[in-house]
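Reading through the structure tokens given below for one structure.
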Amino acid sequence: MSGAPPGWVWLDSEVVANQYVELRLLVELSDYLDNSFLRISAVTNFVAYVNDELVGTGQFSDFPEQKTFSEFDVAGKLQPGENVLCILAHYCGVDTHSYLPGQPGIWFELAVGNDRFVSSDKCLMRLSSAYKQHGQTKISCQMGFVFEYDASRDDGWRTLEFIPGDDWRNAVKVCGLNTPVPRPLKQCVMQAPTPFDITAQGVLKREESEAGCTVAELMLTDYLSVRRGNKLFGLEQADRGPVSIPVEASAGADGFYLVIDMAREECGFITLELDTAAGTVVDVAVGEHLADLRVRASVDGKINYASRYITAGGRQSFSHCLNRYSGRYLQLHFTNISAPVTVIYAGLIPFEYPLNMAGRFSCPDSLSNRIYDVACRTLHLCIHEHYEDTPWREQALYANDSRNQALTGYYTFGEYDVPRVSFAMLAETFRQDGFQELCAPMKFDFSIPSFTLVWFMEVWDHLLYSGAVAASQKLLPAISSALEVYAANLVDDLLPCPQGIEYWQFYDWSYGLNGVETPPWKKDGLTGVRFDAPLNLYYINALRSAARIFEFCGDKVAAEKYQEQAKRTAVEVKHVFRDQETGLYRTFVGDLAIENHFAELTQSLAILTGVADQAEASLLQDRLICPENGMIATTLSQSLYKFEAILAGREQYAKEVFAGISRDWGSMLYAGATSFWETLQGQADFQYAGSLCHGWSAIPAYMFHRYILGVSPLEPGFTSFQASPMLSVMDSATGSIPTPYGPIAVSWSKFYVNFIKELLSAKT
């Protein structure tokens, strides 16, 4: 027991990247108390145990300057007398797209009634003997490291009976880390393990040498030869439940493999339960598809989705709770087999942010209903410590992606905390040039300028939907500072593209808009003076969003200033970018501009900003709805702007818009999707690294609520709102929209609408 406050501690040894450490503290209790909790923080991640029972995991993705702690109820795991608190901590130590290293450290406070047991030099620590220290490859440039765990080296250190040896030393104090504050979001929760359904099995031949190859590359290049279940397992039907493989089943081969179908896309922790001799090597890959007739464990050696587990002797269970993996399929390669192997279970323990399905939508069209359900599932999979683009490849927070996600989340989950925290995290990454880092938390000196401008829009969205003025007020300094930088760089009221390798001139995943196809852009960045219509149209939206925010926060002078600048920039955009001959808006003007580049995204933004007047907007809408319109098409990432531009002020094309949603999102469902993809090319895109679960593709759920049910806020927090359903798309629809003041229920039917019209006509 300690009366001193908790301090940050670590092991007294050389600090290197990808380090696993173990901590033990004996806790003597005179009585069992119900009001007991553990507060804990770690620089990268932690897994906490009390008396060898899992307490919790999941460090918030915070910044090194201000760490956060998580709190867990431990009353049911304590007992009168002696107890042991054990913590496994991982220090990544290198930058990722959602992590900044800082100093390594563990901080905790175990409160039992009035007693406190805290992190101090009384704790014992050591380097983990079971986890392979450093030297591992990264999963991807955006994520942390793969792991290798040797269960035969696990000496039971988490149990009360364990007696520490000479490799355990007293923890040392870590200076330079602030006292952590409570995490700003609810803790993610473990769910029931995924189904254990073997969908393929057989023997393998390993041709590649272990030297110089990652586990992922080995798994991708192993020769696989299928065997029927009754041949490999000795059973007539062996696709579910425990299976046992005798040694002779892989005679003449180097081992055997299993492919597990978890029934749908999941995100969580790799979990194994086995019974075998010590030393069997189990390589584990998680993936989203079987397009290669196996899990795609490696992509060009740059992305590695495979880790390694080495067995202990006998029955054993293992869960790696320090990294989330995502996919539908789990592939296991067993080698170095000296005894029969019984696979009792293999899969993921899903780790999910707790959400209520507060919104509802239903209509007579079963495809639309299914699209809605899968869109909600897709969004849920992309929420953990913040919004993330994809739980499979990156797990990173982007401003552009998170706006799509937040708009959908307001309607489907009534979720305001995740966007509030996500947008505040992005605000922490503003640089002196007025643009944000690519992701948050991140320090990479690399920015997508258009994404920063979208951030202003999503901050206004949050105020409008949540009514949380206080959250917006905290962001006012960041908003005004960035806008002042932009204003200082204007040329005739237009915002030029920033130059240099550290800027990615990205707008959409389509030709000319992705910023990577013309070699000078990719190699050296933009080196000449160029003006982009999308950037300036986003700038107009950013100014107008800022004006609305400042107005509701009580600063009408600033609001008027930003509105006036938006008007001046709008006039200049129309003057510079509108092509008189075609009536369309060019994408680029200036050096390295692609001539005669006309994009659907540019026309959509021109409509939504009001740069195109009513007559022009009507003509542009007529063009946008045509499949063969001669323009560069939008992709799923920016489809929201095209949909809303076509539907702006008119219902004429509503049926075509929603037919397009049914066609594109339905095509993914017909291909077997259980979550929606990054692009319509699916896994084959981005050199076969396209994700099959991407947050921005949840946008149809927003469209159903916003346009079919027709509800949208007019004042912050839905204190006033409009209900204007588009009746031309389907015969009826029902649902509800969560708001800060309770749900708005909607139900309409063409039959009743037409009946009322007839009654009114007859009365007239």
Side-chain angles (χ1 to χ4, degrees), residues 400 447-454 491-501 503-542 569-613 616-617 619-646 679-681 685-686:
N400 179 80
S447 177
I448 302 178
S450 66
F451 280 23
T452 299
L453 298 176
V454 171
V491 178
D492 296 330
D493 288 316
L494 288 181
L495 188 63
C497 294
Q499 299 177 22
I501 191 68
Y503 300 102
W504 183 7
Q505 316 294 341
F506 176 90
Y507 302 106
D508 197 358
W509 283 119
S510 50
Y511 172 71
L513 297 177
N514 59 26
V516 298
E517 285 161 337
T518 305
W521 300 1
K522 187 174 182 180
K523 183 179 178 182
D524 303 316
L526 190 62
T527 56
V529 178
R530 196 184 75 201
F531 298 90
D532 294 359
L535 186 70
N536 280 276
L537 291 164
Y538 281 127
Y539 176 51
I540 293 169
N541 270 333
T569 299
V571 170
E572 199 64 22
V573 166
K574 188 167 187 174
H575 171 69
V576 171
F577 291 100
R578 189 167 187 270
D579 180 69
Q580 297 298 323
E581 184 177 340
T582 63
L584 301 175
Y585 287 79
R586 299 180 182 275
T587 307
F588 310 106
V589 170
D591 295 342
L592 291 177
I594 301 175
E595 293 186 7
N596 299 318
H597 188 285
F598 300 103
E600 290 183 344
L601 176 62
T602 307
Q603 318 315 313
S604 300
L605 293 172
I607 294 170
L608 294 172
T609 55
V611 168
D613 61 34
E616 292 170 359
L619 293 173
L620 292 177
Q621 288 169 318
D622 293 342
R623 290 283 296 270
L624 284 169
I625 200 64
C626 295
E628 303 297 330
N629 55 33
M631 291 184 281
I632 303 299
T634 56
T635 67
L636 299 181
S637 71
Q638 305 299 70
S639 59
L640 167 67
Y641 299 103
K642 179 180 176 181
F643 295 154
E644 296 212 301
I646 293 173
T679 71
L680 288 175
Q681 288 69 45
D685 213 346
F686 308 111

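Throughout, residue positions are numbered sequentially from 1 according to the sequence presented. In this text the structure is predicted, and so the values were computed from the model without any measurement.
- Side-chain contact check for Tyr641 versus Leu605: some heavy-atom pair is nearer than 4.5 Å.
- Counted within 6.0 Å of CG on Asp579, heavy atoms from surrounding residues, nucleotides or ligands total more than 12; the atom is thus considered enclosed.
- Here Phe577 pairs with nothing under the ring-ring contact (aromatic ring centres under 6.0 Å, His included) rule; sequence neighbours left out.
- Under the rule for a side-chain contact (heavy atoms from CB on, under 4.5 Å), the partners of Thr587 that lie at least two apart in sequence or sit in another chain are Leu513, Pro534, His597, Ala599, Thr602.
- One finds the CG atom of Leu608 at 11.5 Å from the CD1 atom of Ile540 (value rounded to the nearest 0.5 Å).
- Scanning both residues, Pro449 and Trp504, for their nearest heavy atoms gives CD-O, 3.4 Å.
- Formation of a donor-acceptor pair under 3.5 Å by the Arg623 side chain with backbone atoms of Asn629 is found in this model.
- Applying the side-chain contact (heavy atoms from CB on, under 4.5 Å) test to Thr679 and every residue at least two apart in sequence or in another chain returns Gln681, Asp685, Phe686.
- Between Thr635 and Leu680 there is no side-chain heavy-atom pair separated by less than 4.5 Å.
- For Tyr585, the ring-ring contact (aromatic ring centres under 6.0 Å, His included) criterion is met by no residue, not counting sequence neighbours.
- In this structure, CG in Leu619 is found 9.5 Å from CD1 in Ile607, a value given to the nearest 0.5 Å.
- A donor-acceptor contact shorter than 3.5 Å is absent between the side chain of Asn536 and the backbone of Tyr539.
- If you take CZ on Phe531 and CG on Leu495, they are separated by 8.5 Å, rounding to the nearest 0.5 Å.
- Judged by distance alone, with hydrogens and angles left aside, the side-chain atoms of Asp591 form no donor-acceptor pair with the main-chain N or O of Arg530 at under 3.5 Å.
- Using modelled atom types, one finds a donor on one side chain and an acceptor on the other under 3.5 Å when comparing Ser637 with Asp508.
- A donor-acceptor pair is defined here as one N or O able to donate and one able to accept, closer than 3.5 Å; no such pair exists between the side chain of Glu572 and the backbone of Leu494.
- When atom types are taken as modelled, the side chain of Gln638 and the backbone of Tyr507 share a donor-acceptor pair closer than 3.5 angstrom.
- In this view, Gln621 and Arg650 satisfy the side-chain hydrogen bond (donor to acceptor under 3.5 Å, both in side chains) rule, not counting sequence neighbours.
- Side chain of Ser450 to main chain of Phe506: a donor-acceptor pair is present (N/O by atom type, distance under 3.5 Å, no hydrogens or angles).
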>> Using side-chain contact (heavy atoms from CB on, under 4.5 Å), reason through Arg586 and Val576 one step at a time and then give a plain yes or no.
In response: CA-CA 9 Å; Arg586 299 180 182 275; Val576 171; over 6 Å; no
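- If you take CG on Asp532 and SG on Cys497, they are separated by 3.0 Å, rounding to the nearest 0.5 Å.
- Take Thr569 and apply the side-chain hydrogen bond (donor to acceptor under 3.5 Å, both in side chains) test, not counting sequence neighbours, and it matches Gln565.
- Not a single donor-acceptor pair under 3.5 Å links the side chain of Gln603 to the backbone N or O of Glu600.
- The closest side-chain heavy-atom distance from Asp493 to Val571 is not below 4.5 Å.
- Between Ala645 and Leu624 the shortest heavy-atom distance is CB-CD1, 4.5 Å.
- Here the OG1 atom belonging to Thr582 is positioned 4.0 Å from the CZ atom belonging to Phe598, to the nearest 0.5 angstrom.
- One finds the OG atom of Ser604 at 7.5 Å from the CE atom of Met631 (value rounded to the nearest 0.5 Å).
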